[in-house]
Amino acid sequence: MRLIIAEKPSLARAIAEALPGAPQRLEGALRVGDDVVSWCFGHLLEQAAPDAYEARFKQWRLDHLPIVPEQWRLTPRPKARGQLKVLRGLLKQADEVIHAGDPDREGQLLVQEVIEHLGWRGRVQRLLISDLNRPAVQRALAGLEDNRAYQALFRAAEARSRADWLYGINLTRAWTLTGRQAGHDGVLSVGRVQTPVLGLVARRDLEIAAFEPRPFHVLWADFRVAAGTVRGWWQPGEDHPLDDQGRLLERSPAEALLAKLPGAPGRLDSLESQDKRQAAPLPYSLSALQVDAARRHRLSAKQVLDTCQALYERHQLITYPRSDCRHLPEAHWAEARRTLSSACQNDDTLRGWLAGADFGRRSRAFNDKQVGAHHALAPTGKPADLARLSSAEANVFRLIARNVLAQFYPALETREVKATFRVLDERFRAQGREIRVAGWKPLFTTRDEAPPLPPLTEGEPTTVDEAGIDDKLTRPPEPFTDASLIKAMMNIARYVDDPAVKRTLRDTDGLGTEATRAGIIETLLTRGYLVRQAGALRATRTGQALIAALPEAATRPERTALWEQRLRAIAEGDDQPAPFIDALVNDVRQLLTAADAQRMRQALGSAEGFAGAPPKRRRGSGTARSTGKRRPARKPASRSKS
């Protein structure tokens, strides 16, 4: 008997339907001829609790920390025992085992750890499926690989799991206990990824609260030229009071110049034009899709992930969604006309976009060298009846199909013109943008573009028709939203001060992974550290207090992002788990020395934050309450546990 173990039931059903023969239902499995397809429900096993190593660890005490297991143990999740019993029985009958976890780090871990935990010692093959359509599954079944080729990926996932346990268990116990000493009744959860993400939001909120708007002044003038009128903006010199962005901070210089401008003669001092050519945006990775769907359709990161999972598993309309890749295999190019014509046939909007596609074009998106374990999100080719989908499913599917269709449109070609006028020995600048070839642009929502300038000739005379001053106020930073927080996690180097670390992080995946970013945000909301307020993500009083009480190193992204880099190196065979875990244990020991009840008491007493619903009480752990309301200084103008 050949036993195929899938990551989840939906994948198991797709595999069974792709095998020759009619599936027969068994307890916790499907039989097709000599093959049996069974499944996990995500992670069936989890890291054992501290008291599984020593009974004394059931009591939370500072003098127990750090807790570092010598021999790691896994334990069944509460609802997994029945399925583990099924798998144990099937493994005893099996001659061969096929690992059919999702093609990513966690997918490799959760099936392989079950196979090893249940004592299988025979050969294991690896089945990699990124598309649940029957032909794609059949192709994958014909291309089985030796699971030993994925041991580095498994070791990276296992190291991630152990690292999260070490960091989370020890720091959560330490700061919860100091919190209790300081009068806080509840668990203060600390994670190697969730806490730096909370730190991003908390610091942004503090910047907004401390922001004091400053007035600045913009002087404009309308210049009459041979072909019409052009509005230009004054460029004050460094002898005027300017801020670091070149904005004029005092009105009097603008007023003095304004009085002389009406009717004043001038000339077009310089004229620059530049032709630009822009290829279509690449197909989506999950995080890029979450950013766009949040901005366009106001969907949270978790809603986008859940929607993609439904489109992948239930409807089988898209390929594997938890991808960090924005390129497609070159083989997809040859199939694109058939795949997209079939996928788009039932929707007016998609048919309209399809009609403009030139399938003879070859985009930079189709590049095998840029594709790893996953490729970008794409339609599978199954006809999509968007009228039968939920609103979120239809909107997300259109986005995914659009970005693939855009690869078969011409580039956007524009001409950007910059003009500098000189009048009364002062400079005014104007700029415009002309779309010469719209290309892929009509498929995308267009922002208000800078209108094109009329035809201009360098050196031509001008006269000021009208002028005025716009009085403005500097604005505080925008609060984070789902879209901007996901983008910040993707581009975490922007939030790092150390130049050496910044350079390193530009080449890494950022903070968290495609599969975990939405879950991290939801975890922070569930635990009462963040709250959604008018579409923004804001830190609660508890969230602000926790960030203030922790060592700064635990609240900033540098260390965690560098850990992700180490995990990636382990997955690629360039590093080993043991040095990574040893370094992490040393970090934990150092951080534990900073657990201080007095600092926590001060943080809880001085923290201000946004009010939100209290988190759900977790059995045996108390409640991390979130109370208090920010007193603004001014009115403003996964999958993995981490």
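None of the values given here were measured: they were computed from a predicted structure.
- Using a distance-only test at 3.5 Å, with no hydrogens or angles considered, no donor-acceptor pair links the side chain of Thr339 to the main chain of Thr380.
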Check: After noting the C-alpha distance and the side-chain angles of Tyr150 and Glu145, does the key distance pass the side chain to side chain donor-acceptor pair (under 3.5 Å) rule?
Finding: CA-CA 9 Å; Tyr150 294 89; Glu145 301 181 50; 3.0 Å; yes
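- A salt bridge links Glu335 with Arg338; the closest basic N to acidic carboxylate O contact falls under 4.0 Å.
- Ion pair Arg398/Asp347 flagged as a salt bridge, since at least one NZ, NE, NH1 or NH2 atom sits closer than 4.0 Å to an Asp/Glu carboxylate oxygen.
- Arg388 pairs by the side-chain hydrogen bond (donor to acceptor under 3.5 Å, both in side chains) definition with Asp385, not counting sequence neighbours.
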Next item on the list: Verify side chain to side chain donor-acceptor pair (under 3.5 Å) between Ser161 and Gln47, making sure each step is shown before the conclusion.
Entry: CA-CA 8 Å; Ser161 177; Gln47 294 295 335; 3.0 Å; yes
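- The side-chain heavy atoms of Ser130 and His374, taken from C-beta on, include no pair separated by under 4.5 Å.
- The shortest distance between side-chain heavy atoms of Ser38 and Val86 falls below 4.5 Å.
- Residues Leu311 and Pro321 are not in side-chain contact: their nearest non-hydrogen atoms beyond the backbone lie 4.5 Å or more apart.
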Check: Given Ser300 and Gln290, is the side chain to side chain donor-acceptor pair (under 3.5 Å) satisfied, shown in steps?
Finding: CA-CA 8 Å; Ser300 73; Gln290 286 169 322; over 6 Å; no
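- Ion pair Arg2/Asp35 flagged as a salt bridge, since at least one NZ, NE, NH1 or NH2 atom sits closer than 4.0 Å to an Asp/Glu carboxylate oxygen.
- Heavy-atom contacts from other residues, nucleotides or ligands closer than 6.0 Å to CZ of Arg123 number 12 or fewer.
- Note on Asp306 versus Lys302: salt bridge recorded, some NZ/NE/NH1/NH2 to OD/OE distance being below 4.0 Å.
- The main-chain N or O of Pro329 is never found under 3.5 Å from a side-chain atom of Asp368 such that the two would form a donor-acceptor pair.
- With hydrogens and angles ignored, the 3.5 Å screen pairs a side-chain donor or acceptor of Ser484 with a backbone N or O of Thr481.
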Next item on the list: Check the pair Asp482, Gln303 against side chain to side chain donor-acceptor pair (under 3.5 Å), reporting the backbone distance first and the verdict last.
Entry: CA-CA 10 Å; Asp482 279 77; Gln303 286 174 317; over 6 Å; no
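- For the pair Trp440 (side chain) and Gln278 (backbone), a donor-acceptor distance under 3.5 Å is present.
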Show which side-chain atoms of residues 90-98 pair as donor or acceptor with protein atoms under 3.5 Å away, not counting sequence neighbours.
from  : atom 1 : to    : atom 2 : distance (Å)
Gln93 : NE2    : Gly89 : O      : 3.4
Asp95 : OD2    : Met1  : N      : 2.4

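- Salt-bridge annotation for Glu564 and Arg105: present, with a side-chain N of the basic residue lying under 4.0 Å from a carboxylate O of the acidic one.
- Proximity of Leu377 to Pro283: side-chain heavy atoms (C-beta onward) are nowhere separated by under 4.5 Å.
- The residue from Lys276, Arg436, Arg277 that alone fulfils the salt bridge (Lys or Arg N to Asp or Glu O under 4.0 Å) condition with Glu413 is Arg277.
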Item checked: Pair Asp102-Lys8, salt bridge (Lys or Arg N to Asp or Glu O under 4.0 Å): steps then yes or no -> CA-CA 9 Å; Asp102 281 353; Lys8 54 182 78 71; 3.0 Å; yes
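- Under the 3.5 Å distance criterion, the side-chain polar atoms of Arg160 are left unmatched by any main-chain donor or acceptor of Arg155.
- Applying the salt bridge (Lys or Arg N to Asp or Glu O under 4.0 Å) criterion to Glu17, with sequence neighbours excluded, gives no partner residue.
- A 4.5 Å side-chain heavy-atom check between Leu350 and Leu386 finds at least one atom pair inside the cut-off.
- Distance alone, capped at 3.5 Å, is enough to place a donor-acceptor pair between the Gln151 side chain and the Asn147 backbone.
- Ala301 and Ile521 get closest at one heavy-atom pair: CB-CD1, 4.3 Å.
- Partners of His315 under the side-chain hydrogen bond (donor to acceptor under 3.5 Å, both in side chains) rule, at least two apart in sequence or in another chain, are Glu393.
- Gln316 and Arg134 are not linked by any side-chain donor-acceptor pair at a separation below 3.5 angstrom, with hydrogens and angles left out of the test.
- The closest side-chain heavy-atom distance from Phe444 to Pro281 is below 4.5 Å.
- In this structure, Pro479 and Arg538 have side chains that are in contact, with non-hydrogen atoms separated by less than 4.5 Å.
- By the ring-ring contact (aromatic ring centres under 6.0 Å, His included) test, Tyr312 is found to be paired with Tyr320, residues two or more places apart in sequence or in another chain being considered.
- Classified by interplanar angle (parallel below 30°, tilted 30° to 60°, perpendicular above 60°), the ring pair Phe366/Phe408 is tilted.
- The backbone N or O of Ala376 lies less than 3.5 Å from no partner atom in the side chain of Arg326, so there is not a single donor-acceptor pair.
- Summarising the local packing, CZ of Arg494 is surrounded by 12 or fewer heavy atoms from other residues, nucleotides or ligands at distances under 6.0 Å.
- For the pair Arg517 and Leu286, the minimum side-chain heavy-atom distance is 4.5 Å or more.
- Side-chain N or O atoms of Glu514 include one that pairs as donor or acceptor with a backbone N or O of Ser287 at under 3.5 Å.
- Partners of Lys382 by side-chain hydrogen bond (donor to acceptor under 3.5 Å, both in side chains), not counting sequence neighbours: none found.
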